[in-house]
There are 2 protein chains.
Amino acid sequence: MTDYIRVMIAEDHSMIRDGLKQLLELENDIKVIAACSDGKTAVEKYKEVKPDVLLMDINMPVLNGLEALEQIKAFDSGVKAVMLTIHQDREYLLKALELGALGYILKDAEASALIEAIRSVNKNQTYIQPTMARELVNEYKRIKSGADEPKNRLTERETEVLRLLAKGMLNKEIANALYISEKTVKNHISSIFRKLNVQDRTQAAVYAIKNKIVE
Amino acid sequence: MTDYIRVMIAEDHSMIRDGLKQLLELENDIKVIAACSDGKTAVEKYKEVKPDVLLMDINMPVLNGLEALEQIKAFDSGVKAVMLTIHQDREYLLKALELGALGYILKDAEASALIEAIRSVNKNQTYIQPTMARELVNEYKRIKSGADEPKNRLTERETEVLRLLAKGMLNKEIANALYISEKTVKNHISSIFRKLNVQDRTQAAVYAIKNKIVE
DNA sequence: TAAAAAATGAGGGTTAACCCTCATTAAATT
DNA sequence: AATTTAATGAGGGTTAACCCTCATTTTTTA
């Protein structure tokens, strides 16, 4: 262990990556020892340099940050990661925490918050963006309250159908693509509408695009 | 005139803003003299500090970068702006150039490209992201070739209808919202489909979300 | 092992969505 | 002044989309 925090950055936008590096280097207890621009490289580089803290963007090409974290976790279960994202997205946060990320911070947070997150995580303490922490509490309450509604979670098949629907495909085309009858597609779609609480396929497509799912 | 380039940064994500600042400060011919986080403030601050070069993000709250540039232009027609964006979007680029931006660069560009862009723009030379320059050439050819097809440009009203459509509204709802008959809405929508070369409203909604228009 | 959930499929009904053509008025262009 | 485009509206026709209920088989979960 050294006297400074060895940080590795995984971020696809090189301008932002370089900017973060400069920003962190201003702190004399932090040193950026490696950087890369996609999830796949991040996994390899992590094994190579074993940083104290991994600062990783979620949206990255090839392998996204969450997938990369999963792979790194398999190699080093003690990985201390701060996930960085522009998305104020409950799903991402929960997924990140499930995967064992200690920190979660939005790109529009103050630089000081990022520094604090890195220091906290290095000490194996969690740091969640305050504005996101509320989401966590909500989720916790949702699970604890008997009023648990797993109704709203789409099944695998439904998600698949939604993905195709959001590409603008007709029910008939979806049926052909999945080798099932159009009737089944219609049934799936009705379930999707009910679960997403939307009235038609356009709203469902909008939902699919805005929240993860497609692309 | 001083011996260094006085740069003002307008960027809403403070982390990125601070990062850019640090990045630019590494160059001894560049000095960041001001920074702000939304378009409205950018206009005010510009008038106050009159930077040599304005580095401005397009996606910003309150007033976006393009709208802000338009207002600044009215105050100082000689404004030298480098527009920064994550969108590889032809529309944005063209709009920015129409408004007189000299530079246009993507956030995933190398830091060195940003530095070069700032130096070029300061000398009143244009700097367009190489990968985007191709778009420009295409647009130029499109205009020059008699095969000009303004067919594909949506009218104001059509854009309005598309916006509502992409919110998942029914034709009837759109008609009520715009105080026109449902028949007219249907006609507009048919035109939209033809122009966007899509077959149904879901595809149109997907298009609207992926390309500018909504949100 | 019994019960629940997921995936498949169908019958039968209603209507919103989409197609075509045509027409009128106002505004922008040439 | 003449033409084109934009915006509005309608008639009339076809069908994809959506609703409800019900049923079978397989997988998962309790």
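Here is the naming used below: chain letters follow the sequence lines, and residue numbers restart at 1 for every chain.
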Tabulate below the donor-acceptor pairs under 3.5 Å that side-chain atoms of residues 33-40 of chain A make, not counting sequence neighbours, or state none.
{"unit_1": "A:D38", "atom_1": "OD1", "unit_2": "A:K40", "atom_2": "N", "d": "2.9"}
{"unit_1": "A:D38", "atom_1": "OD1", "unit_2": "A:T41", "atom_2": "N", "d": "3.0"}
{"unit_1": "A:D38", "atom_1": "OD1", "unit_2": "A:T41", "atom_2": "OG1", "d": "3.1"}
{"unit_1": "A:D38", "atom_1": "OD2", "unit_2": "A:T41", "atom_2": "OG1", "d": "2.6"}
{"unit_1": "A:K40", "atom_1": "NZ", "unit_2": "A:E44", "atom_2": "OE2", "d": "3.4"}

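Between A:M56 and A:Y46 the shortest side-chain heavy-atom distance does not fall below 4.5 Å.
When A:R201, A:K186, A:E182 are each tested for a side chain to side chain donor-acceptor pair (under 3.5 Å) with A:N171, only one passes: A:R201.
Every stem involving DNA chain D, taken as at least 3 paired positions in a row under the Watson-Crick or G-U wobble test at 3.5 Å, is listed here: C:1-28 with D:3-30.
Atom OH of A:Y207 sits about 10.5 Å away from atom CG of A:N197, to the nearest 0.5 Å. To the nearest 0.5 angstrom, B:E11 atom CD is 8.0 Å from B:L55 atom CG.
With salt bridges taken as basic N to acidic carboxylate O contacts below 4.0 Å, one links A:R157 and A:E160. Ion pair A:D76/A:K47 not flagged as a salt bridge, since none of the NZ, NE, NH1 or NH2 atoms sits closer than 4.0 Å to an Asp/Glu carboxylate oxygen.
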Fill in the blank from the handout: Readout for nucleotides 8-27 of chain D: B = base within 4.0 Å of protein heavy atom, S = sugar-phosphate only, - = neither; 5' to 3' it is BBBBB---SBBS--------

